[in-house]
Amino acid sequence: MAPKRRGKPPKHFADLTPEERVASVVEAGEPAFRAKQLATHYFTHYTSDATKMTDLPAKSREALATTMFPELMRPTRKLEADGGTTVKTLWHLFDEAKVESVLMRYPQRTTLCVSSQAGCGMACPFCATGQLGLTRNLSTAEILEQVRAAFRSLADGEIPGGVTRLNNLVFMGMGEPLANYKAVIETVRALVAPQPEGFGMSARNITVSTVGLVPAMQKLTKEGIPVTLALSLHAPDDDLRSELVPINTRWSVDETLDTARNYFEVTGRRVSIEYALIKDMNDHGWRADLLGEKLNARGRGWVHVNPIPLNPTPGSIWTASDREVEDEFVARLRGHGIPTTIRDTRGSDIDGACGQLAAEEDDE
Ligand code: SAH
């Protein structure tokens with residue numbers, strides 16, 4: 001593996017398929033079974049420090065560490081909220097691009113929100129990341145390193161509540177995951193592969209959230225990996241949605257909903273509709289009704305709606321809907337028979353909630 005690729009992060013063990021891992025250790029002059037040893041360290045023990053891999057011959061360790069596990073990112077800042085059960089990590093990548101991930105521990109489960117791109121090209125005006133523009137796609141290993149670090153931290157008992165495992169993963173950090181399709185799907189494969197080939201997570205506990213890139217949604221439908229699909233809709237009508245989610249001018253609300261419905265048809269996974277409630281923008285009763293009608297027109301039981309009060313971003317004129325308006329919106333959707341649950345805004349006080357990730361440079 002060449003350590004330097006112009007403009008691209010160094011190749012890392014976690015970028016490779018199980019077959020490529022074997023080829024790569026053999027190329028490095030090591031026996032094929034080293035691939036499984038390395039995979040066990042990485043995916044079962046959450047270690048990438050080959051100098052600590054004491055079952056490898058001392059002579060090989062150093063060389064394997066540099067070729068297989070080049071340092072991809074450094075945590076430069078950690079912010080905590082909710083008594084330490086929400087932790088946002090700021091990562092500096094090899095080229096000083098910055099991303100964030102957020103770990104959230106709940107009584108019954110632990111969820112990691114990962115970034116798939118540095119910045120985002122989708123330009124949704126209410127989203128902090130959307131204001132940054134796209135810096136670049138993350139590599140598979142850059143996404144997996146966020147996950148490994150979370151497993152490691154939970155195994156080390158760093159989060160109050162005792163040692164635990166990561167149960168859920170959401171692609172709701174920085175970036176549009178389906179605009180970085182190849183790396184994201186390779187990441188998903190490594191997340192669900194049984195240990196030691198991967199992290200052994202359950203596909204249903206992985207959520208890929210998208211603005212609605214229809215061709216990529218269709219591709220995901222055919223992968224045969226039943227991840228949960230979340231569609232960031234935010235408006236049921238094209239006029240408003242094109243303003244809130246600019247890619248809507250390319251693929252309309254109806255086309256996007258048809259594609260989401262087909263995802264359910266093929267995978268059996270109920271789709272989540274994300275809807276940030278923005279005061280006097282998209283929170284009208286008639287819009288709840290229109291959304292309910294459009295969803296029901298495509299059948300029953302295939303979808304649920306997750307409204308979330310807008311997390312206001314710096315400089316934005318928009319704010320969250322009033323509580324009564326939010327309640328009315330939810331009640332109307334439920335009145336149409338649509339399962340609806342308000343999503344929590346954990347981490348909003350550390351700018352770690354949905355749509356707030358901007359990876360600001362610290363002032364130090
Ligand atoms: N690009 C993907 C995933 C990243 S954003 C997507 O758009 O789905 C994850 C979720 O947070 C999306 O549903 C997004 O619309 C929502 N979001 C963005 N900004 C927000 C904000 N300011 N308040 C609440 N939710 C927001």
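For the single chain, residues carry numbers from 1 onward in sequence order. Ligands are counted one by one from 1 in listed order, and the atoms in each one are counted from 1 as well.
- Cluster membership check: Val305 does not share its hydrophobic cluster with Val325, using side-chain heavy-atom separations under 4.5 Å among Ile, Leu, Val, Met, Phe, Trp and Tyr.
- Residues satisfying the side-chain hydrogen bond (donor to acceptor under 3.5 Å, both in side chains) test with Glu223, not counting sequence neighbours, are Tyr181, Arg189.
- Each side-chain hydrogen bond (donor to acceptor under 3.5 Å, both in side chains) pair with one or both residues in residues 257-270, not counting sequence neighbours, appears once here: Thr228-Arg269, Asp258-Arg298, Arg261-Glu265.
- Among pairs with a residue in residues 119-136, those fulfilling side-chain hydrogen bond (donor to acceptor under 3.5 Å, both in side chains) read Asp95-Arg136, Arg136-Glu142, at least two apart in sequence or across chains.
- Comment: Arg152 engages Asp156 in a salt bridge, judged by a side-chain N to carboxylate O separation of less than 4.0 angstrom.
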Practice item. Before giving the answer on side-chain contact (heavy atoms from CB on, under 4.5 Å), spell out for Leu166 and Val147 the whole-Å C-alpha distance, their side-chain angles and the decisive distance to 0.1 Å. Key: CA-CA 9 Å; Leu166 186 67; Val147 183; 4.1 Å; yes
Distance dump, ligand 1 polar atoms to protein, N/O, under 3.5 Å:
residue	atom	partner	partner atom	Å
ligand 1	1 (N)	Gly175	O	3.0
ligand 1	1 (N)	Glu176	OE1	3.1
ligand 1	7 (O)	Ser232	OG	3.4
ligand 1	8 (O)	Ser209	OG	2.6
ligand 1	8 (O)	Thr210	N	3.3
ligand 1	8 (O)	Ser232	OG	2.5
ligand 1	13 (O)	Ser232	OG	2.7
ligand 1	15 (O)	His234	NE2	2.5
ligand 1	22 (N)	Phe126	O	3.0
ligand 1	22 (N)	Asn311	O	2.8
ligand 1	23 (N)	Asn311	N	2.9

